[in-house]
**Student:** 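Okay, here's the structure, questions in a sec.
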Amino acid sequence: MRKYGLIIIAGICLAVLIFGHLHWKNISQAAGVEAREAAAKGKEKEKEKEEREALIQSLKPENNKQQPLIDYLHYKSLTQDKVIVSLLGSNGTSGTGASKTSNSWAGRLEKSLRADRDDLETLRFINHGHEGIQQRIC
């Protein structure tokens, strides 16, 4: 009886060793996959960073003296946390009062610029307009 008990305990120990080895082998394979994915993400982020730096250098005002205003705003948006464009004039649009900020000159300009460039996140528009100051063309 003692002999059978010893064999059973040895069998259980052997099974624990085998299944433990298989378990740790699976864990190490999963860690290897995660490491490769992390390395790929790191390379991707580095590539994005290099592309961003190249874009900033191409939009830099010192490198491009005749750049359009949207390129300058794009450069400022990429290099600063907050870019504010202040507009002076009325809050009306084409002879009518702006019922929403999206209908004002500032709103229409912002919509137009954002349609041209997607990455103008830090750009904000402020309209310093007053009712009744707009110029009417007859």
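Count residues from 1 along the sequence. Predicted model only: the values in this text are computed from it and were never measured.
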**Student:** CG/Leu55 to CD/Glu50 distance, rounded to the nearest 0.5 angstrom?
**Tutor:** 13.5 Å
**Student:** Roughly how far apart are Lys43 NZ and Glu46 CD, rounded to 0.5 Å?
**Tutor:**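 Reported to 0.5 Å precision, the distance equals 11.5 Å.
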**Student:** Starting at OG1 of Thr79, measure out to CZ of Arg52 and round the result to the nearest 0.5 Å.
**Tutor:** 8.5 Å
**Student:** Between Ile27 and Gln29, is there a side-chain heavy-atom distance shorter than 4.5 Å?
**Tutor:**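 SC-SC contact between Gln29 and Ile27 ruled out.
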**Student:** Holding to side chain to side chain contact (heavy atoms under 4.5 Å, CB included), I want the full list of residues that pass it with Ile18, two or more places apart in sequence or in another chain.
**Tutor:**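 Here the qualifying residues are Leu14, Leu22.
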**Student:** Roughly how far apart are Lys76 NZ and Ile84 CD1, rounded to 0.5 Å?
**Tutor:** 13.0 Å
**Student:** List the atom of Gln67, the atom of Leu59, and the distance in Å for their closest heavy-atom pair.
**Tutor:** OE1-O, 2.9 Å
**Student:** Might you confirm whether atom CD of Gln66 has over 12 heavy atoms from other residues, nucleotides or ligands at distances under 6.0 Å?
**Tutor:** no
**Student:** Given side chains that start at C-beta, do those of Arg36 and Val33 come closer than 4.5 Å, heavy atoms only?
**Tutor:** yes
**Student:** For residues Val83 and Ile70: do they belong to one hydrophobic cluster (side chain heavy atoms under 4.5 Å, members Ile, Leu, Val, Met, Phe, Trp, Tyr)?
**Tutor:**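 Yes, same cluster.
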**Student:** Hydrophobic cluster membership, with links at side-chain heavy-atom distances under 4.5 Å among I/L/V/M/F/W/Y: are Val16 and Trp24 in one?
**Tutor:** no
**Student:** When rounded to the nearest 0.5 angstrom, what distance separates NZ in Lys60 from OH in Tyr72?
**Tutor:**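 Between atom NZ of Lys60 and atom OH of Tyr72 there are 12.5 Å.
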